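Working notes, beginning with the structure itself.
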2 protein chains.
Amino acid sequence: MITKRVPSETIGRLFRYFRSLSCLLREGEEIVSSKTLAEVCHIKPATVRKDLSYFGEFGTRGVGYDAASLVNKIKKIIKLDKQINVALVGIGNIGRALLKHSAFELEGFKIVMAFDNNPSKIGDTVGNVIIEDAANIRERIESSGIHLVILAVPDYATSKVAKVLQLAGAKSILSFSPCGLSMPADIQVTCIDLSVEMARLVYNSCVDYREKV
Amino acid sequence: MITKRVPSETIGRLFRYFRSLSCLLREGEEIVSSKTLAEVCHIKPATVRKDLSYFGEFGTRGVGYDAASLVNKIKKIIKLDKQINVALVGIGNIGRALLKHSAFELEGFKIVMAFDNNPSKIGDTVGNVIIEDAANIRERIESSGIHLVILAVPDYATSKVAKVLQLAGAKSILSFSPCGLSMPADIQVTCIDLSVEMARLVYNSCVDYREKV
DNA sequence: CCTACATTGTGATTGTGTTCACATTCACAT
DNA sequence: ATGTGAATGTGAACACAATCACAATGTAGG
Ligand SMILES: NC(=O)c1ccc[n+]([C@@H]2O[C@H](COP(=O)([O-])OP(=O)(O)OC[C@H]3O[C@@H](n4cnc5c(N)ncnc54)[C@H](O)[C@@H]3O)[C@@H](O)[C@H]2O)c1
Ligand SMILES: NC(=O)c1ccc[n+]([C@@H]2O[C@H](COP(=O)([O-])OP(=O)(O)OC[C@H]3O[C@@H](n4cnc5c(N)ncnc54)[C@H](O)[C@@H]3O)[C@@H](O)[C@H]2O)c1
């Protein structure tokens, strides 16, 4: 039960277990083994067991894990037992796509606020959310129970908006701009940089090709 | 010059160096040190030097790196000295956002084909690209010099389309669906799973909070 | 030509995450 | 109640990546 140091990759995998288990449950599975879960997630059984072992003993030796109870345990661990409230800043190409993505809600994330600074967008409804004036970000986020802010503003605006979020007491930020955010250590930041991922893919496909020739 | 084993993170960072150097060049810098480059990228100087050292000796001791020539060397290394041709499958929320993102071209990636299977979308132009019938994916990709395919189709269609891409000889795939792709080892696959990233952020912000209390 | 200085390039070290392999434990049949 | 089979839980080994710390090597100035 005592919290050792948990690899950060483990948390990501726990979420994937959660997703896969929900799916297996829907298909009527009641008991799952680390082997089954590993196959579904394309990883090794030992990884599944070790990941879970950081948080306790959830299985029955010789049998496996009770899918229904495991999924609840995992939800608790990764704090997804309550709905996660998300705020979105920047309703452009990416922001709009996110607002229309209904699957987030099934996974426990709900975009409850959206902001933009373009007057012609403020007041519009996208998905089920009304776009608010970015000028109000601070007071709106400060007061409400927002767990996570998604940043989808243009590169040049990113660090300026990030500073406002900091003042508003945001706890974690997911940004789509090629990073450059320097935030205090108590604010979690993740940047999704598609170009970096593409560059890696291109390089790897060239190199692997070479190795075979 | 001999290729040792290069960490996969190194390639991603090389791309970021490439991006930062281009920017520094535009600002008139001619010489950059590992220290400067590290500061811009928010990493440590030793990391910069080690990353570069996998591929040769590009700097001058006591001085630093010539920005212009380094950026060209890096481009060669990560195969971004020629334009990378990208095909996009699935022109929904995400696909549309990608097509409108003009910055890709500045970084060396060009979306040259787009596919969808929805008859009402086929023939439309988004960005500068005409949406083609997904039925033609195989022949179209087979013949042209596509380096990378981006998959932005609904979850249920993902593995079906992936199989077609395999037959078409695609070398690497970037998918936005929560994975589940099992491809032969010679096809590079990366999945971007926003929910996983969000889950990690939420968990970390909760745990860090606890540690401080 | 030699010295002072700055910064690179890298072997050694540390840190982190994955995988192995097996002792442990449980359900069930006999 | 006891043995058998099956899958867990985990310390130890391994693999990989980040960082350190310093020798190597360049420039510039006298
Ligand atoms: N679109 C893509 O496919 C794509 C791909 C990779 C990276 N990105 C990155 O994602 C980010 C967003 O991209 P996009 O294509 O959605 O941009 P976009 O220009 O379409 O949308 C940005 C939105 O932010 C709003 N905005 C600007 N300044 C603001 C401010 N200070 N406060 C609040 N809102 C503000 C604008 O009004 C606009 O609606 C960029 O950093 C971009 O580099 C986008
Ligand atoms: N939109 C988001 O913000 C978001 C966020 C996270 C993950 N995702 C994932 O990204 C993927 C795409 O999401 P989206 O919101 O863009 O979906 P979408 O439904 O808006 O678009 C999917 C497009 O693919 C087309 N399509 C369907 N089957 C096809 C086929 N066999 N061949 C070619 N085209 C086909 C559809 O006609 C549609 O245009 C999904 O897997 C989704 O889970 C999306």
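Please read these numbers as outputs of a predicted model, since none were measured by experiment. Residue numbers start from 1 in every chain, and the chains themselves are labelled A, B, ... in the order their sequence lines are given, proteins ahead of strands.
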**Request:** Classify every nucleotide of nucleotides 21-30 of chain C by which part a protein heavy atom approaches to under 4.0 Å, writing B for the base, S for the sugar-phosphate alone and - for neither, in 5'-to-3' order.
**Result:** B--BBBS---
**More than 12 heavy atoms of other groups within 6.0 Å of B:N128 CG** = no
**Prompt:** Given D:dA17, D:dA12, D:dT19, which nucleotide is nearest the side-chain atoms of B:T47?
**Reply:** D:dT19
**Prompt:** Given D:dT19, D:dG9, D:dA18, which nucleotide is nearest the side-chain atoms of B:K44?
**Reply:** D:dT19
**Asked** Between the axis at one end of the helix from C:dC1-D:dG30 to C:dT30-D:dA1 and the axis at the other (five pairs apiece), what's the angle to 10 degrees?
**Response** 10°
**Request:** Answer with base, sugar-phosphate or nothing: what part of the nucleic acid does A:T10 contact at a heavy-atom distance below 4.0 Å?
**Result:** nothing
Please give, in whole Å, the distance from [N] [atom2] to [X] [atom1]?
{"X": "B:K50", "N": "C:dT13", "atom1": "NZ", "atom2": "C1'", "value": "11 Å"}
{"X": "A:F58", "N": "D:dA7", "atom1": "CZ", "atom2": "C1'", "value": "17 Å"}
{"X": "B:K73", "N": "C:dT8", "atom1": "NZ", "atom2": "P", "value": "15 Å"}
{"X": "A:D51", "N": "C:dT19", "atom1": "CG", "atom2": "P", "value": "10 Å"}
{"X": "A:Y54", "N": "D:dT8", "atom1": "OH", "atom2": "P", "value": "17 Å"}
{"X": "A:R200", "N": "D:dA17", "atom1": "CZ", "atom2": "C1'", "value": "13 Å"}
{"X": "B:L70", "N": "C:dT8", "atom1": "CG", "atom2": "P", "value": "11 Å"}
{"X": "A:E9", "N": "D:dA17", "atom1": "CD", "atom2": "P", "value": "12 Å"}

**Fill in**
Between the CD1 atom in A:I173 and the OG1 atom in A:T158, the distance rounded to the nearest 0.5 Å is 10.5 Å
**Item:** For DNA chain D, the residues among residues 19-43 of chain A that have a non-hydrogen atom under 4.0 Å from it
**Value:** A:S33, A:S34
**Contact under 4.0 Å: B:Y65 side-chain N or O vs C:dG9 OP1/OP2** = yes
**Asked** So, is A:R13 close to the C:dT18 phosphate, meaning a side-chain N or O under 4.0 Å from OP1 or OP2?
**Response** yes
**Request:** State, without any angle test, whether B:S195 and A:E107 hold a side-chain donor-acceptor pair at a distance under 3.5 Å.
**Result:** yes
**Item:** Modelled atom types, side-chain donor and acceptor of A:T190 and B:E197, under 3.5 Å
**Value:** no
